[in-house]
Participant: 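Next up is a structure, given as structure tokens.
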Amino acid sequence: MRRTHHKRGEAIPRAFRGEDKKKSAGGGTPIVIIAALLGAVYYATRAHPTQHAAAHEGEIMKLIDAQNRTIAALRGAAARAVAERASIAGATTTLADRPPPSQPAAPSATGAADLSGVRDHSILGLDEATFRATSVAELLKAYAPTLGGGTCERDFGNGLINRWRGERKTYCAPKATGGSQVDCFLVKQSNHAGAGDNLCLGKNIRMNFRDFAGDLPRTYVKRYVDSRHQQQHSKIKYSKGTWAGTCATTQEWQARFFPGWNVNWYHGFQSVDDLQCEVRESAPTLIIERDTFANFFHDSEDFVNTLIALAILEWNVKDLQILITDLYPKGPFWPIWDRVFFGSRKPLTSWDIKQKYGTKNVCFDNAAIAILGAAAPITVASFNTKCARSSIVRAYSDFVIRALGLQLRTRYHTKPNPQRVVVTFMARRSSGMWPEKRFCDSQTSFFLCEFVQHLGTRPLGRTIKNDKAVVDALKGLEQRSFANGAHVEFRDLDYSKLSFEEQIAANLDTDVMVGPHGAGLLHNIFMPDRAALVELFIDGSSANRHFHNLARWQGRSYYGSAFSNPVRAQQLVSVVAGAVASLDLSKPY
């Protein structure tokens, strides 16, 4: 993983390394894993035609069959929720989103979950209309304060929201009654470097997106590719007047208060005497430049910051318009923008903005420049947090689940047999196409496919060398007896073969998540409350505390151990068995 903190006021380069990025997720039949495993069969039969062929083929086909059955079950659950959510929004599903003809009709995903006996998951108990129309600030207030004492609540709970909102200052004051105004919320978070982390709100301001109209965006994209994917080249350095207001800047208007690439907004502002509006937008608008587009941990920094920004501004998602002004392609986690932070207006990419507005002067009643991704409170990763059950992290998890229409599939609602314990092994075994190449789009984006045709297979780091032996050993837990009455059901899942909705559905039915250190372990925040995370530190990754902290902020047990590679399978089984034995099975969640 990358740096924990950034130097404020500067762009943040980061080479896109194979071992630093989570494989992008997608739907469809798991062809790659089948090809890879059948390739192993081919090798075995060629190298040892008489003594190994049948044995290898049988073992591998059993593994393929088991994994495909699991994927099919998850795909059916997620597809039904996708279809229902699309019907609610009046949207047309894509072929990939539609459930197969053999799937039954989708049950309602609009209703509230039955939370009888459940505490601190109130978002899941809201019907669709109430969920979308309630301000995010009100949604978060229902969650219990963060535990741990000291600064925990003010750093990771509603206390942070209140503190951030309380730092509001005017950066550009109206020249006359009814003029433009820019107010910013600059907060100093504990253990964050620089002058602070900022959210800026412009009222009655003008935007002109002329920088998207010519060849400049594609020049930046080419530079991004040629620099081996350094982030700063995915954001345009805006020309003067990109945004403007009939206001006068105050002493607060300083570049150091615009951290990272948000400094481009500082340089792009202009004070004018007349807005000369050609288009007027009344919807509350949040303008975001993503940290990246294909790493679930770093993407989630932007997702969590979006929730925080909406809470600070006391906005809901029903009326929200999101503008994504970076130059990345949409990527594997686009459903968060397209379905989670969505009410009635689809998010617009920089390409969409070009098509809609061209070079017109567009005036916004309320437009906010979002918080820099790396400023997210969940970025803290260089030490073990003492804080637990963060109201922000817990509310964010429920917010995503509820927005995807999966609330009726949570254990809080279904209340299954509490002795059934699902152990999910999050496999890292598939090298494949670079996400830049997989998600390039020459028709409806600035990210041209011709720029990335040279990219070959993307190597995947931190893979377990004796993967099959580990899977077989963990599957043996299904035959064990546990003093707490647990009956283990083992799942071997390669999340890169699942759509995003399928991934979340898998999390909702997982009690113990097991996997090597990597961005995908952020999925642990969507598991039931009683669940535990087992993190394997292999190939020198033990210094990173990202997922220890996320597990604590969610309020769950965490087991992290350094392992040699190949992994000692029985050593891992002992750790996982201990996690199973420690689960509180008095409730199914």
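Values reported hereafter were calculated over all heavy atoms of this structure, with side chains retained and with hydrogens, waters and symmetry mates removed.
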Participant: Per the salt bridge (Lys or Arg N to Asp or Glu O under 4.0 Å) rule, which among K356, R345, K360 passes with E281?
Facilitator: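 Filter result, single survivor: K356.
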Participant: Do M513 and V534 have side-chain heavy atoms sitting under 4.5 Å apart?
Facilitator: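 With C-beta onward as the side chain, the pair stays apart.
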Participant: Can you give the donor-acceptor pairs under 3.5 Å from side chains of residues 365-373 to other protein atoms, not counting sequence neighbours?
Facilitator:
from: D365; atom 1: OD1; to: R280; atom 2: NH1; distance (Å): 2.9
from: N366; atom 1: OD1; to: K203; atom 2: NZ; distance (Å): 2.6

Participant: Do T379 and E301 have a side chain donor and acceptor closer than 3.5 Å?
Facilitator: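 Note: T379 and E301 side chains meet the donor-acceptor criterion.
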Participant: Under a 3.5 Å cutoff, is there a donor and acceptor pairing between the side chains of E535 and H548?
Facilitator: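 There is no such pair between these side chains.
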Participant: Do the side chain of D467 and the main chain of I464 share a donor and acceptor less than 3.5 angstrom apart?
Facilitator: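 Checked: no pair found.
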Participant: Examine distances only and state if a side-chain atom of W164 and a backbone atom of F185 form a donor-acceptor pair shorter than 3.5 Å.
Facilitator: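 Side chain of W164 to backbone of F185: a pair is present.
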Participant: Are W265 and Y238 near enough that their ring centres are under 6.0 Å apart?
Facilitator: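 When the ring centroids of W265 and Y238 are compared, they turn out to be within the sub-6.0 Å range.
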Participant: Would you please say whether a donor-acceptor pair under 3.5 Å links the side chains of D215 and T219?
Facilitator: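 There is no such pair between these side chains.
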Participant: Here's a test for you: under ring-ring contact (aromatic ring centres under 6.0 Å, His included), which of F341, Y396, W337, F333 qualifies with F303?
Facilitator: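 The residue from F341, Y396, W337, F333 that satisfies ring-ring contact (aromatic ring centres under 6.0 Å, His included) with F303 turns out to be W337.
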Participant: Is the closest side-chain donor-acceptor distance between D291 and Q231 under 3.5 Å?
Facilitator: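 On atom types as modelled, these side chains qualify, holding a pair under 3.5 Å.
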Participant: Between R132 and N316, do the side chains contain a donor N or O and an acceptor N or O under 3.5 Å apart?
Facilitator: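 Side chains of N316 and R132: no pair found under 3.5 Å.
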Participant: Is the gap between the ring centers of F296 and F500 under 6.0 Å?
Facilitator: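 That pair passes the under 6.0 Å test.
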Participant: Does N544 reach the main-chain N or O of H546 with its side chain, forming a donor-acceptor pair under 3.5 Å?
Facilitator: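 No.
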Participant: Is there a donor-acceptor contact under 3.5 Å from the side chain of N158 to the main chain of I161?
Facilitator: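 Checked: no pair found.
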Participant: Could you tell me whether a side-chain N or O of S445 sits under 3.5 Å from a main-chain N or O of P329, the two making a donor and an acceptor?
Facilitator: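 Judged by distance alone, no pair lies under 3.5 Å.
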Participant: Are Y266 and Y171 near enough that their ring centres are under 6.0 Å apart?
Facilitator: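 No, too far apart.
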Participant: May I have all residue pairs that pass salt bridge (Lys or Arg N to Asp or Glu O under 4.0 Å) and include part of residues 318-333, sequence neighbours excluded?
Facilitator: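 Output for this query lists R290-D326.
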Participant: Just checking Y220 against H233, ring centres under 6.0 Å apart?
Facilitator: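 Here the rings of H233 and Y220 have centres that are no less than 6.0 Å from each other.
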Participant: Do the two ring centres, one from W253 and one from F269, sit under 6.0 Å apart?
Facilitator: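 Yes, ring centres under 6.0 Å apart.
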Participant: Under 3.5 Å, is there a donor on one side chain and an acceptor on the other for E436 and Y224?
Facilitator: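 Their side chains do contain a donor-acceptor pair, which is all the 3.5 Å distance test asks for.
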Participant: Assess, by modelled atom type and distance only, whether the side chains of D352 and T349 contain a donor and an acceptor separated by less than 3.5 Å.
Facilitator: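 Note: D352 and T349 side chains meet the donor-acceptor criterion.
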Participant: Measuring centre to centre across the rings, with the benzene-like ring taken for any Trp, is F446 within less than 6.0 Å of W351?
Facilitator: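 Yes, they do, as the ring centres are separated by less than 6.0 Å.
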Participant: Would you kindly say whether D398 and Y143 are connected by a side-chain donor-acceptor distance under 3.5 Å?
Facilitator: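 Y143 and D398 do have a side-chain donor-acceptor pair below 3.5 Å.
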Participant: Any chance the side chains of T444 and D441 put a donor and an acceptor closer than 3.5 Å?
Facilitator: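 Checked: T444/D441 side chains pair up, N/O donor to acceptor below 3.5 Å.
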Participant: For residues Q189 and N191, is any side-chain donor paired with an opposing acceptor at under 3.5 Å?
Facilitator: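 No.
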